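Small disclaimer: the values here were computed from a predicted structure and weren't measured. Residue numbers start at 1 and run along the sequence shown.
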Amino acid sequence: MNDAHEIVDVITTDCCIVGGGPAGAVLSLLLARQGISVMLLEAHKDFDRDFRGDTIHPSVMQIMEELGLSDRILQLPHTKMHRLQIQTPQDTVTLADFSRLKTRYPYIMMLPQVKFLEFITQEAQKYPNFHLVMGANVQELIAENGVIQGVRYRGQGGWHEVRAILTIGADGRHSRLRQLGGFESIETSSPMDVLWFRLPRQSEEIAGGMGRFAAGHIVVMLNRGEEWQIAYVIPKGGYQQLRTAGLEALRKSIVEIIPELNNRIQNLQDWSQVAFLSVESSRVQRWYLPGLLLIGDAAHVMSPVGGVGINYAIQDAVVTANVLSKSLKQRYVEVSDLAQVQQRRELPTRLIQAFQNLIQKQIFTPILTENQTFQPPWLLRLPILRDLPARLIALGVFPVHVQI
């Protein structure tokens, strides 16, 4: 124990999960269902974060079905995206048609992440061996004899200590546990950053998602019911130049690409309405230390291309539960068990990041930096590969199923 801190209490659990995003919440539920003692630590006091990913993919819905939860999730207010289309000044191109997939859920479900996380954690709270602590700011790892034994966090009343057989880092792209564990990342360069904002949506407008591509400009519109959630894609490092040009220049640029927004673009009144996302793509070389495992964005930061981050984070959670539940029940987790999780998930992660990189290099870079018009990559024009983007985005590289 660090004598510099006065520890309010020490709690013992089988698995301490840091981060209440999709990976951490779903893993908590899966383990709790197995009778494993789980403590989920979330740094914020609620799950409501603006402009988080709100996409629930068919692979996730299949997992929810295996848990007996899909029908209830579909009762939550949501919209559906059956295809991803790109509109240019010359034509409209379907990049991914999810309706062609052989699945009970041939669409991307647009569900506010806050509602999904509340739903999953409420399910987990039905099990007495699950404990959720909000406002738990993890600051330290507890390491003894070369093994991670838990964490210390600052929360209500001061410093608290959680002792665990296994600690899971599911705390996102800015992972504190990744930093504390000294994990090394392999990063790939991204040609772009993204500005997120919302504008009113009119009832007669298209129901799904739409990308608008013009020379030098990319805008993606996602249907959020009464609003459009809009991604304005800019060249990497171009944010400050855009800020200097002013909000009126941004509004003018958007209307040039999407003229029908002219009657509501003035709703964008202040830069506080605009969220900046610095796009990156990376993965840690090794996802684990003795007693500690990283999953989701903590292990591999995804580009927003295809919105697959939530998809892969939840698949990580399912594989983690499948592999580690037996060991956690026996109260001893081998390093080889942790290595097995990475072994099963690393290849799908590398393949989807390569696919995202292809889209960025072949589509986004020429448009953003060379003012070219949109041309689908030649590989995706082949009939035999027509459904490949939809399958990769919607289902992932390999199917993942609940086995416990």
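Checked against side-chain contact (heavy atoms from CB on, under 4.5 Å), N145 has no partners two or more places apart in sequence or in another chain. In this structure N137 satisfies the side-chain contact (heavy atoms from CB on, under 4.5 Å) test together with Q139, sequence neighbours excluded. For S37, the side-chain hydrogen bond (donor to acceptor under 3.5 Å, both in side chains) partners are T13, not counting sequence neighbours. Under the rule for a side-chain contact (heavy atoms from CB on, under 4.5 Å), the partners of P106 that lie at least two apart in sequence or sit in another chain are T103.
In this structure a side-chain-to-backbone donor-acceptor pair under 3.5 Å is missing from D337 to L324. Of the possible polar contacts, one joining the Q269 side chain to the Q266 backbone as a donor-acceptor pair under 3.5 Å is found. Using modelled atom types, one side-chain atom of N129 and one backbone atom of A32 make a donor-acceptor pair closer than 3.5 Å. Of the possible donor and acceptor atoms, none in the side chain of N262 sits under 3.5 Å from a partner among the backbone N and O of V255.
For the pairing with Y232, the side-chain contact (heavy atoms from CB on, under 4.5 Å) check across I218, I257, V194, V220 returns one residue only, I257.
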### Message
Please determine whether side chain to side chain donor-acceptor pair (under 3.5 Å) holds for the pair S59 and Y105, giving the CA-CA distance in whole Å, both sets of side-chain angles, and the decisive distance to 0.1 Å.
### Response
CA-CA 8 Å; S59 63; Y105 311 98; over 6 Å; no
### Message
What verdict does the salt bridge (Lys or Arg N to Asp or Glu O under 4.0 Å) test give for E144 and R163, after you've listed the backbone C-alpha separation in whole Å, the side-chain angles of each residue and the deciding distance to 0.1 Å?
### Response
CA-CA 11 Å; E144 295 176 357; R163 294 268 172 166; 2.8 Å; yes
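Classified by interplanar angle (parallel below 30°, tilted 30° to 60°, perpendicular above 60°), the ring pair W271/Y239 is perpendicular.
Among residue pairs with one or both ends in residues 295-306, those qualifying as side chain to side chain donor-acceptor pair (under 3.5 Å) are H300-D316, S303-Q360; sequence neighbours excluded.
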Acceptor/donor pairs from residues 114-123 side chains to any protein atom, 3.5 angstrom cut, sequence neighbours excluded:
residue: T121; atom: OG1; partner: L117; partner atom: O; Å: 2.8
residue: T121; atom: OG1; partner: E118; partner atom: O; Å: 3.2
residue: E123; atom: OE1; partner: K126; partner atom: NZ; Å: 3.4
residue: E123; atom: OE2; partner: R72; partner atom: NH1; Å: 2.9
residue: E123; atom: OE2; partner: R72; partner atom: NH2; Å: 2.3
residue: E123; atom: OE2; partner: K126; partner atom: NZ; Å: 2.9

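The ring of H82 has its center no closer than 6.0 angstrom to the ring center of F98.
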